[in-house]
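From a predicted model like this one, the values you see are computed outputs, not experimental measurements. Naming: A, B, ... by sequence-line order, numbering from 1 per chain.
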Number of protein chains: 2
Amino acid sequence: MYRPFLPVTEQTPVVTLREGNTPLIPAPAIAAEIGRQVQVWVKYDGLNPTGSFKDRGMTMAISKAKEAGAKAVICASTGNTSAAAAAYARRAGIRAFVVIPDGYVALGKLSQALIYGAEVLSIKGNFDQALKIVREMSEQYPVTLVNSVNPYRLEGQKTAAFEIVDVLGDAPDWLCIPVGNAGNISAYWMGFCQYHQADRCTQLPRMMGFQAAGAAPLISGQPVENPETLATAIRIGNPANWKKAIAVRDASQGAFNAVTDEEILAAYRLLASQEGIFCEPASAASVAGLLKVKDQVPTGATVVCVLTGNGLKDPDAAIAHSNNPLKQCIEPDIEAVAIAMGF
Amino acid sequence: MYRPFLPVTEQTPVVTLREGNTPLIPAPAIAAEIGRQVQVWVKYDGLNPTGSFKDRGMTMAISKAKEAGAKAVICASTGNTSAAAAAYARRAGIRAFVVIPDGYVALGKLSQALIYGAEVLSIKGNFDQALKIVREMSEQYPVTLVNSVNPYRLEGQKTAAFEIVDVLGDAPDWLCIPVGNAGNISAYWMGFCQYHQADRCTQLPRMMGFQAAGAAPLISGQPVENPETLATAIRIGNPANWKKAIAVRDASQGAFNAVTDEEILAAYRLLASQEGIFCEPASAASVAGLLKVKDQVPTGATVVCVLTGNGLKDPDAAIAHSNNPLKQCIEPDIEAVAIAMGF
């Protein structure tokens, strides 16, 4: 459907898991917190085949790697990229090496990399160090780099912007998006601009990027040596797409803001318990950010918040941060259950 | 799209998370194991909003419960139903009570029920006991039962059959499906039959149901008092839809077979590491079953295997049963990583 907008030819062996086409879901509870006839949707990209937006770009990166004859790919990852790289590479019959930071990858993501058949290397360092290593590896060894510095990744990821316009009939007024390595915000902007040039939308959104307060180099203006946040997917101190992201912010008359882990968790619980939508903590940064700057949203505006990853990627976070009761060891009879229910 | 086939009216307050429309993915590695020009697809229903096929039915059950003025719903669950019930009920502003068997619900599913805001009651008993209790609860207290004995559930679930026909252009020759409580096989058959009557397909599939060997009452012909299998989603000894399932098998000239946990795990690993598709262990029973009876598949037949739930529902299973290496505590420098990679 979007093939005319993508750098594939008849020679490209397309490696696909039918990614994309994820739901744009109305979020009335979030809209109610803002009021003033603001309409809010969430783009639930956690329903991609490996559970995150990374699949949109990885289908492109792996297809082009296969076209070029690659036998192995490599990436650094906080978890989502490694899951996507592993799935698509293995489907293509290519080896997948993934380099992750020891102890900072959510359980679900680690389970994915392993079961998809990646060769997982966990280093005593953070994402930024892992990215530096894999960049060098790809220069010195016969392995293709599939991090978002690979241009095909952002080409694929831009399709999410196309889908939003196709559902809404135009671009939204605001796009709220979590920012870690800053590839996705760049990809969305590329998508909106290409659709605008093709007369598929009449306007461009303000791009509102949100980083975790403990990993907010784009807000402070300098790299963060030891980034810390429970939103592990955006625990990045020196984004590879730094300059691109600043250019997007300025061109779109957007803004970048930081949200605390507490604000992220509040949005995470709100999404699950009122909208029925379970995302990973990093994804909730877009909603936390929107609520933080809600007074700046124009009356009657249309806002889309991007939810980048599935909540099932990080079950430990959900169990640790749920406010709801788990009543265990109840006798298996109706009286005991009725009492436990409060009847 | 499928509304004319569903029992909703203009008065029904539709509670939806944009469920359904999940991908039908070609499975060339599985097809290669069978040969003889057999074509295999998987219906990846793990990409529904809460990660399983249960969402298709829960949107119906909760919408109808809300239409009827319900203030609370209840279900017994091995995990997937509870996640779906919690998400849709909370989106509708309804309380959700879920009764689960102590220690036999996968981590991801438990995390979902809690974060969506269900009131979770874990009993010292198995699924069959939990179902008995919630049936009685719904008769004695003001709570609406949303297990698959609720007829709206199967009405919603039948849409998966519609989608398969709409993609393939006709019904497949075989439909392979895991069988636990036996609601889904009944729903698929209802869908195929309704589409056939509406002239949307020219044939009906043989319905091939697969149970885990340790929880296979439909194969042995008698309830299993202590069902045991690592495929927790189908760890059910006395299916509520027993008679319906037998009728489906006979009407479709299908068959039921049991697959061992080892066969399930082999299919689970094959799906992830060769097709790039991560499902929960119970889902892999459909593929394990197809491979077990592969000599019975007609040459050139079209086969669809249903993958009912997302692999992220059960990350512990993936980590425990992956054959792939995790190399930890590597020094963060290129030499150490190159050595770990085998260069």
Side-chain angles (χ1 to χ4, degrees), chain A residues 17-18 23 25 44 47 49-51 87-88 90-91 97 99 102 107-108 110-112 114-125 129 133 136-137 141 269 272-278 310-313 315 318-319 322 324-334 337-338 340-341 343, chain B residues 17-18 23 25 44 47 49-51 87-88 90-91 97 99 102 107-108 110-112 114-125 129 133 136-137 141 269 272-278 310-313 315 318-319 322 324-334 337-338 340-341 343:
Chain A
L17 290 164
R18 303 282 190 263
I25 308 176
Y44 191 17
L47 297 190
T50 81
Y88 286 82
R90 296 305 304 141
R91 187 165 175 87
F97 292 101
V99 181
D102 256 345
L107 181 70
L110 179 62
S111 80
Q112 289 181 294
L114 290 171
I115 197 78
Y116 284 131
E119 296 166 66
V120 183
L121 309 160
S122 181
I123 62 161
K124 292 191 274 185
Q129 291 168 289
I133 290 168
E136 288 179 25
M137 290 294 307
Y141 296 93
R269 282 188 287 254
S273 65
Q274 293 191 47
E275 304 289 5
I277 299 165
F278 182 30
N310 199 307
L312 284 167
K313 294 270 196 171
I319 290 172
S322 163
N324 299 298
L326 168 60
K327 294 178 181 168
Q328 287 176 292
C329 297
I330 300 168
E331 290 299 324
D333 60 63
I334 187 165
V337 170
M341 285 172 66
F343 284 119
Chain B
L17 290 165
R18 304 281 191 266
I25 307 175
Y44 190 19
L47 297 192
T50 80
Y88 287 82
R90 295 305 302 141
R91 188 168 173 88
F97 293 101
V99 181
D102 256 344
L107 180 70
L110 180 62
S111 79
Q112 289 181 295
L114 290 172
I115 197 77
Y116 284 132
E119 295 166 67
V120 183
L121 309 160
S122 181
I123 62 161
K124 291 191 276 184
Q129 291 167 287
I133 290 168
E136 289 179 26
M137 289 295 306
Y141 295 94
R269 282 188 286 254
S273 65
Q274 292 191 47
E275 304 288 7
I277 298 164
F278 182 31
N310 198 306
L312 284 168
K313 294 269 197 174
I319 289 171
S322 161
N324 299 298
L326 168 60
K327 294 179 181 166
Q328 288 176 290
C329 297
I330 300 168
E331 290 298 323
D333 60 63
I334 187 165
V337 171
M341 285 172 66
F343 284 119

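Most heavy-atom pairs under 4.5 Å with chain A, from the set B:D333, B:L107, B:V120: that is B:V120. Across A:K313, A:K327, A:Q274, A:Q328, the residue that shares the most heavy-atom pairs under 4.5 angstrom with chain B is A:K327. Counting heavy-atom pairs under 4.5 Å between each of A:R269, A:E136, A:Q129 and chain B puts A:E136 at the top. Counting heavy-atom pairs under 4.5 Å between each of B:Y141, B:Y44, B:Y88 and chain A puts B:Y141 at the top. Top candidate by heavy-atom pairs under 4.5 Å with chain B, chosen from A:I330, A:I123, A:D102, is A:I330. Taking B:A340, B:G311, B:P315 one by one and counting their heavy-atom pairs under 4.5 Å with chain A, the maximum is reached by B:P315. Chain B forms the most heavy-atom pairs under 4.5 Å with one residue out of A:P49, A:P23, A:A87, and that residue is A:P49.
Side-chain atoms of A:S273 do not come within 3.5 Å of backbone N or O of B:G117 as any donor-acceptor pair. For the pair A:R91 (side chain) and B:E275 (backbone), a donor-acceptor distance under 3.5 Å is present.
Closest of all the heavy-atom pairs between A:A272 and B:I115 is CB-O, 3.2 Å. Here the closest heavy-atom approach between residue B:L326 and residue A:S122 is recorded as CD1-CB, 4.4 Å. The nearest pair of heavy atoms linking A:I133 to B:P332 is CD1-C, 3.4 Å. Heavy-atom minimum distance, A:N324 versus B:L114: ND2-O, 2.6 Å.
For the atom pair CG of B:L17 and CD1 of A:I277, the computed distance is 6.0 Å after rounding to the nearest 0.5 Å. A distance of 7.5 Å separates CZ in A:R18 from CD1 in B:I25, rounded to the nearest 0.5 Å.
Looking at A:F97, only its side chain comes within 4.5 Å of chain B, counting heavy atoms on both sides.
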Practice task
Carefully, step by step, assess B:S111 and A:F278 under the rule side chain to side chain contact (heavy atoms under 4.5 Å, CB included).
Solution key: CA-CA 10 Å; B:S111 79; A:F278 182 30; 4.0 Å; yes

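With sequence neighbours excluded, the residues satisfying side-chain hydrogen bond (donor to acceptor under 3.5 Å, both in side chains) with B:T50 are B:D55. For the salt bridge (Lys or Arg N to Asp or Glu O under 4.0 Å) test, residues two or more places apart in sequence or in another chain that qualify with B:K124 are A:E331.
A heavy-atom distance below 4.5 Å is found between the side chains of A:M341 and B:M137.
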